[in-house]
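Here's the structure, in structure tokens; my notes come after.
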Amino acid sequence: MLANYAFIGIFFVAAVSFPLAPLVLAFLLRPKRPTPIKQSTYECGLEAMGDMRMQFKVQYYLYALAFVIFDIEVVLLYPWAVAFNQLGLYGFTAATVFLLMLFAGLVYEWRKGALEWV
Amino acid sequence: MLKTEELQINIGPQHPSTHGVFRMLVTVDGETIIDLKPVFGYLHRNHEQIAEQNTYLQNMPYTDRLDYFNSMANNQAYAMAVEKLVGIEVPERAEYIRVLMVELTRILNHAGALGFLINDMGMWQTQLAFGMREREKILDLFESASGARLMCNYFRFGGVARDLPPDFMPRLKDLLRAMPAFVDEMERLLRDNEILMQRAEGIGILPPDLALAYSVTGPVLRGSGIAYDVRKAEPYSIYDRFDFDVPIGTVGDVYDRFLVRVEEMRQSKRIIEQVLEQLPDAQGGHINPKARQNVRPPVGDVYARIESPKGELGFYLVSDGSTKPYRYKIRAPSFINLTPLGDMCRGYKVADVVVILGSIDIVMGEVDR
Amino acid sequence: MYDMLYNLINVVFGFNWPTWLISLIGHAAVAAILFAVAPFQMLFLTYYERRAIARMQDRVGPNRVGPEGIFQPIADGVKMFTKEDIVPKAADRWVHLIAPCVVVAPTMFMFAVVPWGPGMVPVDLNVGLLFFFAISSISAVGLMMAGWASNNKFALLGAMRSVAQMVSYEIPAILSLLAIVMITGTLSIVSIIDAQAGLFINSVDLPGVPDWGLGWFIFTPVGFLAFFCFFIAALAEGERTPFDIPEADSEIVAGYMTEYSGMKFGLFYLAQYVLNFLLCGMTAIIFFGGWQGPGVNWLYSQAISPANPEGMWLFNVLAGVLGVFYFLAKTYFFFFVMIWIRGAYPRLRVDQLMDFGWKFLIPLTLVNMLSAAIWVGLTRWGAAEGLAFIEGWSAGVRWGVAFALTLIINLATYIMMARIYAASQAARSRLELEELRDLAAMSR
């Protein structure tokens with residue numbers, strides 16, 4: 001079974017090199033005539049105002065935090081789900097308690113307003 | 001909470017959904033609009049000054065270019081202003097034809113405007129395509145009557161340029177028969193579409209007092225719950241003969257404006273049906289034979305206004321006794337309806353801006369004259 | 001598939017090469033074929049989408065290049081190659097260049113575990129499902145790189161939206177799949193397909209069901225709810241309407257792709273269509289049996305396979321053709337559903353999107369996992385696992401009870417969540433209304 005991962009490696013190499021071929025071909029085919037106007041940043045036909053890279057309000061950082069928690073939950077659930085057939089009632093109860101705790105967390109976030117877009 | 005900076009974005013002039021070259025200077029905090037400044041003038045072409053160099057009749061095709069969706073309505077407002085200034089009588093039949101054309105214009109304008117509004121919401125032109133299909137049918141009728149589809153130039157002082165062709169009436173009746181299905185479909189699309197409702201309800205609220213303060217007119221004002229319609233408030237032409245309702249909204253959001261437009265299409269259809277009943281008995285021809293087209297009005301000024309599909313369209317003319325207007329001023333509904341955009345958008349999301357703009361229904365040709 | 005190759009080289013030609021060499025050659029060949037086919041798949045999908053949506057909009061669609069416009073996507077491809085690549089002065093040149101590669105490479109890499117037909121899987125990984133979704137989330141990095149490197153306001157807004165969206169909808173997607181994993185007890189995609197033999201009833205749950213290849217999970221209440229949640233999450237992951245917020249053309253021009261032109265833009269486009277194809281394929285595989293369908297299993301049982309080395313190669317071909325046909329038919333059907341939705345729905349606003357994911361889909365998928373647990377317990381367990389009371393029930397009764405119970409749970413949850421969600425939405429819009437009135441009053 002481990003050999004499979006070697007074959008996955010073949011696909012990895014192929015996938016990484018896949019976008020290079022059209023880029024190189026396009027590089028050879030396309031015209032190259034840059035002008036200052038052409039290379040200006042698009043802002044609906046006007047001069048760009050200020051720099052984009054600044055301290056910007058990212059409303060969903062709370063979503064990102066919640067995502068991290070849930071993603072860890074999912075990672076822990078994967079092996080449980082695979083083995084669920086053999087686990088029996090004990091495994092089921094344990095996981096249910098775990099899920100309920102996370103569900104309570106979700107409800108808490110919801111009630112606290114962390115899931116509101118402010 | 002960390003201190004964050006506000007970001008200024010230009011939406012427009014070259015933007016997919018600003019309905020022409022229109023610029024909104026938006027200040028956002030994250031995705032929320034803090035301030036919005038409409039900036040226009042990119043399509044300014046000195047319309048009023050050029051019109052003062054033309055004779056009165058030369059301006060008739062020129063008014064077509066104002067709001068190119070509704071050339072018939074522009075024609076009517078201008079013709080009414082000159083007729084009032086000179087004192088030309090319009091025969092009854094000509095008035096009926098005028099009303100017929102302007103109400104058809106209203107239907108085609110609303111069909112297109114609602115299509116564009118839903119397109120701005122991201123529904124990839126489906127409704128727009130169906131709206132345009134309906135619009136094409138009406139444009140075919142315009143073509144048969146006036147010879148042109150968009151820039152009709154159909155009205156003359158004292159009537160209209162040509163009488164209706166013989167096949168006009170049967171085609172119009174066919175059109176009217178198919179119309180309710182289209183309008184119902186459009187309304188059902190909004191009422192039954194959960195996502196559309198979410199995007200339209202409670203968005204872009206224009207309170208009635210604010211609407212009055214900005215002197216907004218047309219469906220935007222009626223969506224805010226004020227039943228003001230020039231056709232009822234100051235019946236011009238022969239609008240006092242028809243039986244129709246003025247639909248109004250309750251909250252003044254995008255949803256209300258949508259519903260008002262849908263209902264106005266139904267009311268226009270009602271008016272057209274009444275025109276069809278009364279037209280055969282109408283007196284006179286399509287134009288007053290005594291009316292001179294090369295007019296030389298007496299010294300004086302006049303203001304004539306109509307309810308164009310977008311709102312109150314007024315022409316103010318000052319005559320110095322020559323063949324050219326001394327002053328020619330347009331009260332453009334799109335322009336005035338656009339001014340409260342900043343107040344309507346404040347506090348909403350970036351995505352709502354284009355929807356609110358779409359719900360105002362502007363044509364840049366009329367905003368920047 | 002590789003057994004056939006082994007058979008061909010060592011038995012027919014008698015070369016007696018070692019197994020690893022043949023496998024290596026086989027995998028390299030499969031990779032080459034798949035990666036050569038994928039761009040054409042994407043080209044066809046663009047054509048298919050444009051024609052289908054044109055029919056919905058009372059138009060004809062592309063119809064000039066070649067018969068019925070079939071060569072239109074090729075013409076577009078040629079245009080991509082010959083179009084000047086414009087990099088804004090303010091942009092970060094290298095990140096701007098690498099970003100499309102980072103988006104495309106994972107989507108292509110995902111092909112490694114997708115089975116196309118019986119025995120036709122590039123690599124049968126025992127954690128295939130985990131691999132698929134782990135790799136798919138890499139492209140979010142590329143999108144953020146594209147938005148950041150462009151140094152364009154629309155691009156950065158679009159990139160941040162897309163990352164938030166991908167991150168939020170990954171959880172319901174995976175949670176809905178976990179319900180299926182609980183039933184099958186494996187993460188291997190091939191085994192998940194194998195578990196869907198039967199006739200409207202999974203043959204694992206009810207032995208003796210004739211094998212028509214129709215025991216799809218969609219026919220169970222657990223599978224149906226999982227499909228519902230997964231497909232919605234797939235729409236969001238693939239940035240399709242009504243979740244095409246990151247590239248909402250009417251708001252933020254083209255999102256993270258705003259500053260891209262030429263082949264770099266083409267690569268983003270390619271990645272998007274390939275990803276959509278794969279997500280549709282995954283929907284077909286996990287809930288609709290993938291290549292399973294009437295006849296495939298019978299054909300494959302006559303063919304050369306590890307279980308049956310004496311089979312006939314002709315049946316390999318027949319089973320392969322039929323299996324690939326079923327798989328592609330299902331996949332294209334789901335792609336059509338995506339187009340259909342695009343033609344009929346406007347897009348959600350970004351906050352509504354987040355709400356829908358977190359407040360509706362995630363609770364629903366969590367409850368669905370509970371249903372899956374009940375399903376497994378009632379259909380497979382006995383005294384050994386702690387459920388002594390169902391020992392005496394026959395398989396049919398067990399299946400019936402499990403079906404009814406999970407159906408009731410899922411339906412009740414769906415109705416309850418829909419109510420709660422609608423109420424929360426209404427409460428929020430009222431709140432906004434009052435706030436806005438105050439704001440408007442202040443501004444005057």
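Each chain gets a letter, A, B and so on, in the order the sequences are listed, and its residues count up from 1.
Between chain C and the residues Leu29(A), Leu106(A), Val82(A), the most heavy-atom pairs under 4.5 angstrom are made by Val82(A). Note: Val74(A) leads Val75(A), Val74(A), Val107(A), Val16(A) in heavy-atom pairs under 4.5 Å with chain C. Contact count versus chain A (heavy atoms, under 4.5 Å) is highest, among Val167(C), Thr82(C), Ile135(C), Val87(C), for Val167(C). Contacts with chain C were tallied for Ala81(A), Pro36(A), Gly91(A); Ala81(A) has the most, counting heavy-atom pairs under 4.5 Å. The candidate with the highest count of non-hydrogen atom pairs below 4.5 Å against chain A, out of Thr186(C), Thr258(C), Ile362(C), Leu130(C), is Leu130(C).
Looking only at side-chain heavy atoms (C-beta outward), Ser168(C) and Phe67(A) stay at 4.5 Å or farther from each other. Using a 4.5 Å heavy-atom cutoff, the side chains of Val127(C) and Tyr78(A) are not in contact.
Taking each heavy atom of Ala26(A) and Met263(C) in turn, the nearest pair found is CB-CB, 3.5 Å. Residues Phe92(A) and Ala373(C) approach most closely at CE1-CB, 3.1 Å, considering heavy atoms. Scanning both residues, Met369(C) and Leu77(A), for their nearest heavy atoms gives CE-CD1, 3.8 Å.
Annotation: ring pair (Phe, Tyr, Trp, His ring centres under 6.0 Å) contacts of Tyr260(C) (sequence neighbours excluded): His96(C), Phe268(C). In this structure Tyr169(C) satisfies the ring pair (Phe, Tyr, Trp, His ring centres under 6.0 Å) test together with Phe243(C), sequence neighbours excluded.
We find the CG-CG distance between Leu267(C) and Leu23(A) to be 5.0 Å, quoted to the nearest 0.5 Å. Taken from CG in Leu178(C) to CH2 in Trp80(A), the straight-line distance is 8.5 Å, to the nearest 0.5 Å. Within the model, atoms CD1 of Ile171(C) and CD1 of Ile69(A) stand 9.5 Å from one another, a figure rounded to the nearest 0.5 Å.
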Before giving the answer on side chain to side chain contact (heavy atoms under 4.5 Å, CB included), spell out for Phe18(A) and Leu270(C) the whole-Å C-alpha distance, their side-chain angles and the decisive distance to 0.1 Å. CA-CA 11 Å; Phe18(A) 176 79; Leu270(C) 173 95; 3.4 Å; yes

Apply side chain to side chain contact (heavy atoms under 4.5 Å, CB included) to residues Phe131(C) and Ile8(A) and explain how you reach the verdict. CA-CA 10 Å; Phe131(C) 174 87; Ile8(A) 281 286; 4.0 Å; yes

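Interface remark: Lys83(C) contributes backbone atoms only to the contact with chain A (heavy atom separation under 4.5 Å). Contacts between Ala83(A) and chain C at a heavy-atom distance below 4.5 Å are absent for every atom of the residue.
Near-neighbour residues of residues 94-102 of chain A relative to chain C, defined by a heavy atom under 4.5 Å from a heavy atom of that chain, comprise Thr96(A), Leu99(A).
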Side chains of residues 103-114 of chain C: which donor-acceptor partners sit under 3.5 Å, not counting sequence neighbours?
unit_1    : atom_1 : unit_2    : atom_2 : d
Thr107(C) : OG1    : Val103(C) : O      : 3.3
Thr107(C) : OG1    : Val104(C) : O      : 2.5

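Other residues, nucleotides and ligands contribute over 12 non-hydrogen atoms within 6.0 Å of the CZ atom of Phe133(C).
At distances below 3.5 Å, not a single donor-acceptor pair connects side-chain atoms of Glu84(C) with backbone N or O atoms of Arg30(A).
If you look at Phe70(A) and Trp358(C), their ring centroids are closer than 6.0 Å.
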